[in-house]
Amino acid sequence: MTKLGRSFYCQKTNVVAQALLGKILVRKTEKGTLKGRIVEVESYLGKKDQAAHVRSGRTKRTQVLFQKAGLVYLYLCYGLYWQFNIKTTKEKPECVLIRAIEPLQGIKLMKKNRLRESTLTADSLSKHNLTNGPGKWCQSFKINKDLYGCDLVNSDKIWIEDQPSLLDSEIQKASRVGIDYAGDWASKKLRFYIKSNNFVSTA
DNA sequence: CTGATGATGTTCT
DNA sequence: GAACATCATCAGA
């Protein structure tokens with residue numbers, strides 16, 4: 001299966017967001033390889049988007065969004081959880097947030113990683129609870145500050161493999177989560193997920 | 001099952 | 001000092 005190249009990420013943000021659904025995210029660690037299917041994403045559309053971090057201009061945190069498409073934009077949310085985004089388009093500071101993933105390979109290792117970083121016990125940790133949220137799957141996939149600004153096109157630690165596109169009828173559009181402060185932008189349909197998939201964070 | 005609440009630290013005002 | 005692209009836990013129905 002081929003790795004997605006630069007031109008894929010250079011497309012318009014909403015195009016990349018929907019095209020990412022169904023693709024395979026691959027993460028290599030010293031302990032083994034993890035794979036998962038992307039099932040839920042959100043678009044963040046630059047300065048005009050009242051929910052995007054770049055609404056207040058270029059800062060230390062958002063500098064990677066002013067660089068190449070295909071780079072990883074990571075940041076710590078509520079002091080506790082990492083959020084994984086991909087820079088899109090050639091020129092604009094826009095990105096796609098990966099919100100949820102369906103575990104495919106390395107499930108044992110995902111459990112180990114997530115147990116270490118959360119307060120959960122092995123008893124209360126089901127396969128379902130490994131990756132069905134942006135903070136959760138980052139724990140399972142061992143995503144942390146080391147990957148800030150990482151290039152998905154060249155890296156041997158993390159990349160995305162191509163898969164056949166989904167039909168329009170398989171993609172559900174919805175408003176984004178956790179951004180009630182964003183005025184008119186809070187209700188825009190910029191969240192996309194695979195219909196009737198068990199691993200989306202909220203339907 | 002539902003809804004409310006606290007944890008926690010980086011960033012921006 | 002306030003705000004914040006979340007999650008686990010607890011109380012109540």
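In what follows, every chain begins at residue 1, and chains take the letters A, B, ... in the order their sequences are listed.
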Worksheet item: Mind checking what makes salt bridge (Lys or Arg N to Asp or Glu O under 4.0 Å) contact with Lys35(A), not counting sequence neighbours?
Response: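 In terms of salt bridge (Lys or Arg N to Asp or Glu O under 4.0 Å), with neighbours along the sequence ignored, Lys35(A) is linked to no residue.
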Worksheet item: Angle class for the Trp137(A)/Phe84(A) ring planes (parallel below 30°, perpendicular above 60°, tilted otherwise)?
Response: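 Correct class here is perpendicular.
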Worksheet item: Going by heavy atoms closer than 4.0 Å, what residues in residues 130-141 of chain A are next to DNA chain B?
Response: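 By residue number: none to list.
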Item to complete: Test the Arg27(A)-Phe141(A) pair against the cation-pi criterion, namely NZ or CZ under 6.0 angstrom from the six-membered ring centroid and within 45° of the ring axis.
Response: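 Cation-pi check for Arg27(A) and Phe141(A): fails.
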Worksheet item: Is it true that the NZ or CZ of Arg176(A) lies under 6.0 Å from the centre of Tyr44(A)'s six-membered ring and within 45 degrees of the ring axis?
Response: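 Yes.
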Fill in: Dot-bracket encoding per residue of DNA chain B, Watson-Crick/G-U cut-off under 3.5 Å, | denoting interstrand
|||||||.||||.
Discussion item. Do Glu42(A) and Val177(A) have side chains that approach each other closer than 4.5 Å (heavy atoms only, starting at C-beta)?
Written reply: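 A side-chain contact under 4.5 Å exists here.
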Fill in: Sub-4.5 Å side-chain heavy-atom contact between Tyr9(A) and Val153(A)
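They are in side-chain contact.
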Worksheet item: Does NZ belonging to Lys195(A) count more than 12 external heavy atoms closer than 6.0 Å?
Response: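 More than 12 within 6.0 Å, yes.
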Worksheet item: Under 4.0 Å between a Lys/Arg side-chain N and an Asp/Glu carboxylate O for Asp162(A) and Lys23(A)?
Response: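 Salt bridge flag = yes for Lys23(A) with Asp162(A).
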Worksheet entry | Asp49(A) and Lys92(A) ion-paired at < 4.0 Å |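 Looking at Lys92(A) together with Asp49(A), the answer is no, because their closest N to O distance does not fall below 4.0 Å.
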Discussion item. Counting the atoms with a prime plus P, OP1 and OP2 as sugar-phosphate, which does Arg176(A) contact under 4.0 Å by heavy atoms, base, sugar-phosphate, or nothing?
Written reply: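 Result for Arg176(A) = nothing.
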Discussion item. Categorize Arg191(A) for me: base, sugar-phosphate, or nothing, with a 4.0 angstrom heavy-atom threshold over every strand shown.
Written reply: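 Nothing: the residue Arg191(A), judged by heavy atoms under 4.0 Å, touches no strand.
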Worksheet item: Taking only residues two or more places apart in sequence or in another chain, which ones pass side chain to side chain donor-acceptor pair (under 3.5 Å) with Arg6(A)?
Response: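 Only Asp151(A) meet the side chain to side chain donor-acceptor pair (under 3.5 Å) criterion with Arg6(A).
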Discussion item. Students should find this one: the first and last nucleotides of DNA chain C, 5' to 3', lying under 4.0 Å from a heavy atom of chain A. What are they?
Written reply: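 First and last nucleotides in contact are dC4(C) to dT9(C).
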Practice prompt. Sort out for me which residue in Lys87(A), His53(A), Gln83(A) forms a side-chain hydrogen bond (donor to acceptor under 3.5 Å, both in side chains) with Tyr73(A).
Written response: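 For Tyr73(A), the side-chain hydrogen bond (donor to acceptor under 3.5 Å, both in side chains) test succeeds with only one of Lys87(A), His53(A), Gln83(A), which is His53(A).
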Worksheet item: What does nucleotides 2-13 of chain B look like as a protein-contact string, B for base, S for sugar-phosphate only, - for none, at under 4.0 angstrom between heavy atoms?
Response: -----BBB-SSS
